[in-house]
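These figures come from a predicted structure and were not determined experimentally. Below, chain A is the first sequence line, B the second, and so on; all start at residue 1. Hydrogens, waters and symmetry mates are skipped; everything else that's a heavy atom, side chains included, is used.
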Number of protein chains: 2
Amino acid sequence: MSTLNYLSHRTLGQSQYGKLAMALRERIVQGEWKPGEPISSESLLAQSYGVALGTIRQALALLVEDGVLQRRHGKGTFVSKGMSGTPMLRFFRFSGFDESSEPPSSHILSSRLRSSSAQEISAFGQNSHNSPPQVIQLERLRSIGQVPRLLETIVLPLPLFGPLAEMSTDLWDDQLYPMYQVRCGVSIQHAQDSLSFSQLNGTQAKRLHLASGHPCVLVERQAFDLAGRCVELRTTRGDAHSFRYTAQVR
Amino acid sequence: MSTLNYLSHRTLGQSQYGKLAMALRERIVQGEWKPGEPISSESLLAQSYGVALGTIRQALALLVEDGVLQRRHGKGTFVSKGMSGTPMLRFFRFSGFDESSEPPSSHILSSRLRSSSAQEISAFGQNSHNSPPQVIQLERLRSIGQVPRLLETIVLPLPLFGPLAEMSTDLWDDQLYPMYQVRCGVSIQHAQDSLSFSQLNGTQAKRLHLASGHPCVLVERQAFDLAGRCVELRTTRGDAHSFRYTAQVR
DNA sequence: GAGTGGTCTAGACCACGAC
DNA sequence: TCGTGGTCTAGACCACTCT
């Protein structure tokens, strides 16, 4: 499975290129090279670390596989800008929407601050030594061509997302992940989505213009930044009849 | 995502290692090395093709990424045995079942021969020059601890699966893919599953001991052999409330 | 033309597995 | 001990991108 190597979490202290990959990853996480920027060239890196070109290339290959780096022939090796677009829609097929059509619009229904639940403290790795850790909780509705399609609950840890707590929700962008990057310096690198089946309660149904009890698909997402920290919890609900997902099995 | 390179379908005539990978893949498809067997060693291959070791290694890496080969340090490089186990269950979480418990049992409810639909002819690439191409269609129920859980419709093309057409369904194994290999020489290498939401009709509901109209998840699978041919179409239905699937997003 | 990553070579030595 | 794949070296030349 090309499933993932999270280098920092694995026993890659074995080989030289594994150690190099960890070292380079650390330099990226520390912000020495920012998302979208090129890192040093292979030859420079090889020289500065005192190893052969092929060894550096193996290290870079690991980071490319992890999605941290992207290589462009003739240009350089770049730090990935992270997830963008509207990846949540990959789970649904709504009539009147395809890849080429206008992107969905989004509307923040509510926003508030509250104390973290135990589960959130655990997921976010918040330290509760001093004061009880806080989170921002949002309700968000995403529409395609004026029709409400997805209802989301989003939880963001403080103080990391402090800049957003003070912003009027009218000013929030339609796309959250690029906004996280710009406002908070948080680059979402990957996510884990857990899908299950449920039914809409009365409030949820009203938001989506469906009947109470209508079948829905529930997507529970954990999103992670460059350093591998979980920095967003999100639950998304959409009409089960619009659900369509394709998976490659091997 | 490490999404897939199907070498034979891509423009890999460019590099030497791409061509080598195609050549090796062809030798495997032709049966020179069978699933589970080791291929020649790297050094032998490099020698016989007159290239450097590193070049052969790049070619092998492509085939490993495609799931055709598996490398074992100190032992050799082996032709993959293909998919096995019970991959369909990865979409469901049934109470009383986990990875370590007993595998599900299966029961063939019916089996018949019929002419291919236009869609099946297209999927299987059957040639209808001479006689109308035939398929085997099965209904199959999979149970966990005496409780029926999954209802499947399976379509297999003739003449490829001819040996199965003449077997009593009592003799069919619980695991189909290993049986395809043994009886028909067909090695299932990968599959594409398309998931959607539906509701059980009366007949289906009765089989699964659920109410008519009960929500279900529908899995439509196309399974492919070593040569990349589609050789099985399968639709699986299971209780939507037991549906649970986790996907990595990048 | 200069700089980047991509391909390829011809070696060396290491780590694992089987005998 | 031997054969396997895994790591690493120190080069060469090619292909792409920008100026």
Among the nucleotides D:dC8, C:dT4, D:dG6, whichever has the atom closest to the side chain of A:Q16 is D:dC8

Side-chain atoms of B:S41 come closest, of C:dT4, D:dT4, D:dT7, to D:dT4

Query raised in the report: Does B:E152 come within less than 4.0 Å of B:R221, counting only side-chain N to carboxylate O?
Result: no

| request: Just do the side-chain contact (heavy atoms from CB on, under 4.5 Å) check on B:R149 and B:L89 with the steps written out, would you? | output: CA-CA 10 Å; B:R149 293 299 197 179; B:L89 290 173; over 6 Å; no

For C:dG5, take OP1 and OP2 only and decide whether either is under 4.0 Å from a side-chain N or O of A:T77.
yes

Here the distance between atom C1' of D:dC8 and atom CG of A:L60, to the nearest Å, is 15 Å

Here the distance between atom P of C:dG3 and atom CG of A:L53, to the nearest Å, is 15 Å

Picking from D:dT9, D:dG5, C:dA10, the nucleotide nearest the side-chain atoms of A:T55 would be D:dT9

Original post:
Just to confirm, is there a sub-4.0 Å distance from OP1 or OP2 of D:dC8 to any side-chain nitrogen or oxygen of A:Y17?
Top reply: no

- Message: Does D:dG6 have its OP1 or OP2 closer than 4.0 Å to a side-chain nitrogen or oxygen of B:R57?
- Response: yes

Separation of C:dG11 atom P from B:Q47 atom CD, nearest Å, is 12 Å

d(B:I56 CD1, B:Y49 OH) to nearest 0.5 Å is 7.0 Å

In whole angstroms, the gap separating P of C:dG5 from CD of A:Q58 amounts to 16 Å

B:L45 CG to D:dG3 P, in whole Å, measures 17 Å

- Item | Touch class at under 4.0 angstrom, heavy-atom based, for A:R72 against every strand present | sugar-phosphate

note: A:Y49, atom OH; D:dC8, atom C1'; distance rounded to Å ~ 17 Å

Among the nucleotides C:dA18, D:dC8, D:dG6, whichever has the atom closest to the side chain of B:K75 is C:dA18

Contacts of A:R71 and A:G74 projected onto DNA chain C by closest heavy atom; the upstream (5') one is A:G74

Rounded to whole Å, the CD1-C1' distance (B:I56 to C:dA10) equals 15 Å

More than 12 non-hydrogen atoms from neighbouring residues, nucleotides or ligands closer than 6.0 Å to CD on A:E37, yes or no? yes

So CD of B:Q58 and CG of B:L63: to nearest 0.5 Å the spacing works out to 12.5 Å

From NE2 of A:H73 across to C1' of D:dC16 the rounded distance in Å is 5 Å

